[in-house]
Amino acid sequence: MMLTTQDDKARLLIRPLEPADLAGVVALSVRVYGSGYSQDMVRGQLGHFPEGQFVAEYDGTIVGHCATFRIDEATAMAPHTWREITAGGYAARHDPHGDWLYGMEVCVHPDYRGLRIGRRLYDLRKKLCQSLQLKGIVFVGRLPGLKRKLRQHGSVEAYVAAVESAQVRDATLSFQLRNGFVAQGVMRDYLPSDADSMGHGVRLIWRNPKRSENAVVRLQQERGALPDRVRVATVQYQQRRIADFAEFAQQVEYFVDIAADYRSDFVVFPELFTLQLLSVANAPLSPADSLRTLTQYTEQFRELLKRLAVAYNINIIGGSHPTYVEDGDIHNVCYVALRDGSLHTQEKLHPTPNERHWWKIAGGERAAAILTDCGPIGVMICYDSEFPELARHLIDQGALLLFVPFCTDIRQGYLRVRYCCQARAVENQCYVITSGNVGNLPGVNNFDIQYAQSGIFTPCDFPFPPDGIAALCTENTEQVAFADLRLDTLVEFRANGTVLNLKDRRHDLYQTTWAVKDNHE
């Protein structure tokens with residue numbers, strides 16, 4: 001038999017405000033401020049925005065109160081007083097379409113301030129902001145230490161700066177800063193009745209970490225078009241002789257089918273895996289002639305990728321394929337076929353010395369993120385991954401995932417690509433997916449041996465694998481590796497990670513400017 005006692009009941013509850021709590025909230029405000037809210041004011045707050053009002057109850061007594069409403073950005077960021085913005089405490093300026101959550105009140109009974117009730121109420125407010133997908137929380141915080149220390153610092157702004165740099169502790173502002181809020185300027189005469197703050201306050205901002213700061217990503221979030229999770233598949237492709245293009249297409253379709261069976265959103269193939277088509281003729285050719293021969297398959301290859309992407313409902317990163325461009329040069333081009341039937345291209349910008357010398361491949365001049373149904377992505381072909389500026393350019397355009405088809409002959413070359421890809425994942429706070437060739441094709445110039453260990457890499461921080469590896473193929477073995485990558489976690493991590501590589505860049509010291517060529521940019 002189980003006995004129950006009074007101790008089985010929760011003593012502290014943080015819960016939504018209810019009509020029966022009105023008298024308790026009024027009594028709390030009088031206890032905290034001396035003169036407080038009326039029941040009509042609290043009833044107004046509850047009536048305008050019930051989901052934004054909370055209380056803390058301890059053993060049946062209201063000991064904490066939190067009041068919020070929604071407001072548009074222009075109003076929230078303009079100069080105002082507490083009475084103006086809150087409509088005299090009634091929250092009558094609540095805008096159901098407002099994109100910011102305005103904090104008009106958090107108060108805690110002084111006898112219960114050791115229970116972290118204030119932090120609990122702020123955490124609940126943050127959860128509400130995230131659930132409503134708002135831009136963030138804004139409010140004006142008190143400065144209870146200002147009156148005593150104004151003469152020492154000379155101005156309100158200097159006092160706030162001293163608190164921000166931890167030279168001075170302010171009972172309220174220091175707590176807000178520790179809680180993740182950022183000071184955004186002094187609001188003079190905000191609440192004249194606040195004698196300790198001399199009527200002034202400081203505007204404080206907390207941005208929703210689940211709402212991307214990148215405009216491209218944020219637009220997809222607002223449209224509900226950015227999934228929480230994407231599944232990616234990387235194909236470590238075995239090179240083998242084939243009889244014709246149909247046999248090549250059959251092998252490609254096999255791997256697309258496998259990836260689709262596992263409900264992958266993306267499948268990526270290696271760089272230059274179409275060199276397998278040179279085994280059809282099986283004729284001795286110079287490296288340059290080999291590439292020119294391969295360009296004959298360009299249109300068939302493009303159509304194959306488009307057909308498979310639609311038929312199998314999957315986005316295909318088609319490795320790369322040598323292609324003639326308008327000026328007569330051959331470029332190493334990655335074709336990206338999306339499951340809506342569209343086809344996108346990304347040229348390799350940095351041909352290796354061997355590619356330039358033996359294969360006469362020229363580099364492209366543009367790197368553009370590709371908007372997919374799973375968010376913006378970028379492609380860097382092999383050697384491109386070893387140039388940090390390219391990855392950063394794609395990330396600045398909104399890319400969340402970077403795909404790197406590669407082709408390396410020996411382990412040293414492979415490790416250069418791998419280590420650089422892992423560095424790109426860390427420094428850009430993104431996912432990087434690599435795909436390489438294995439096996440060999442005797443008689444195909446510059447493609448006689450291959451070394452690869454394809455992988456799916458993440459940043460190194462608490463939400464991700466400690467070693468930054470989501471999946472890794474066995475070396476030099478034909479294989480498909482899968483991983484589920486959470487985009488919502490990535491967006492939040494960019495705002496709240498242990499380190500903030502994207503936010504902490506010193507734009508005041510350095511920046512990269514991309515040249516505009518042929519009106520491509």
Side-chain angles (χ1 to χ4, degrees), residues 29-30 32-38 41-42 44-45 48-49 52 65-95 98-108 110 118 121-122 125-126 129 134-208:
S29 66
V30 171
V32 173
Y33 300 122
S35 61
Y37 291 102
S38 68
M41 290 179 184
V42 183
Q45 297 164 18
H48 288 298
F49 188 41
H65 173 221
C66 173
T68 66
F69 57 90
R70 292 177 64 166
I71 196 77
D72 66 281
E73 182 168 314
T75 303
M77 303 307 171
H80 58 263
T81 67
W82 183 87
R83 181 168 292 277
E84 290 170 347
I85 199 76
T86 68
Y90 288 84
R93 297 190 69 175
H94 168 67
D95 177 358
D99 46 9
W100 285 84
L101 194 66
Y102 194 95
M104 65 175 288
E105 180 66 81
V106 168
C107 67
V108 177
L121 291 172
Y122 277 104
R125 189 182 270 178
K126 290 176 181 178
C129 175
L134 304 182
K135 289 184 177 180
I137 300 170
V138 56
F139 66 94
V140 178
R142 299 181 62 239
L143 299 168
L146 178 64
K147 185 176 182 179
R148 290 183 291 107
K149 298 180 180 178
L150 180 61
R151 181 176 297 178
Q152 174 185 344
H153 294 280
S155 69
V156 184
E157 289 78 8
Y159 174 74
V160 170
V163 177
E164 286 183 287
S165 61
Q167 299 175 34
V168 175
R169 183 183 179 279
D170 183 276
T172 298
L173 180 55
S174 295
F175 166 76
Q176 308 291 7
L177 296 175
R178 288 197 307 272
N179 217 357
F181 289 87
V182 177
Q184 295 282 320
V186 170
M187 298 283 280
R188 295 183 175 276
D189 302 317
Y190 178 73
L191 187 62
S193 62
D194 184 358
D196 289 338
S197 303
M198 302 181 69
H200 307 313
V202 58
R203 179 161 36 218
L204 291 154
I205 298 289
W206 179 85
R207 296 188 181 276
N208 181 358

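Since we're looking at a predicted model, the values are computed, not measured.
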Quiz item: Does the pair Thr86 and Arg93 meet the rule for a side-chain contact (heavy atoms from CB on, under 4.5 Å), with working shown?
Solution: CA-CA 6 Å; Thr86 68; Arg93 297 190 69 175; over 6 Å; no
Quiz item: Just wondering, more than 12 heavy atoms not from Arg188 lying within 6.0 Å of its CZ?
Solution: yes
Practice problem: Evaluate whether atom NZ of Lys126 has more than 12 neighbouring non-hydrogen atoms of other residues, nucleotides or ligands under 6.0 angstrom away. | Solution: yes
Does [Y] offer a backbone N or O that forms a donor-acceptor pair with the side chain of [X] under 3.5 Å?
| X | Y | value |
| --- | --- | --- |
| Gln45 | Gly89 | yes |
| His94 | Arg70 | yes |
| His200 | Asp189 | yes |
| Arg203 | Met187 | no |
| Thr68 | Gly52 | yes |
| Ser174 | Ala171 | no |

Under a 4.5 Å cut-off applied to non-hydrogen side-chain atoms, are [X] and [Y] in contact?
| X | Y | answer |
| --- | --- | --- |
| Trp100 | Ile137 | no |
| Lys135 | Asn208 | no |
| Leu101 | Val138 | no |
| Val163 | Leu177 | yes |
| Leu204 | Val182 | no |
| Leu191 | Thr81 | no |
| Leu146 | Arg148 | no |
| Arg125 | Cys66 | yes |

Quiz item: Can you check whether Tyr122 and Phe175 have ring centres sitting under 6.0 Å from each other?
Solution: yes
Practice problem: Describe, in one word, how the ring planes of Tyr102 and Phe69 are oriented to each other, choosing from parallel (under 30°), tilted (30 to 60°) and perpendicular (over 60°). | Solution: parallel
Quiz item: How are the rings of Tyr37 and Trp82 set to each other: parallel, tilted or perpendicular (split at 30° and 60°)?
Solution: tilted
Exercise. Would you give the length of the straight line joining atom CD of Gln176 to atom CG of Leu143, rounded to the nearest 0.5 angstrom?
Key: 10.0 Å
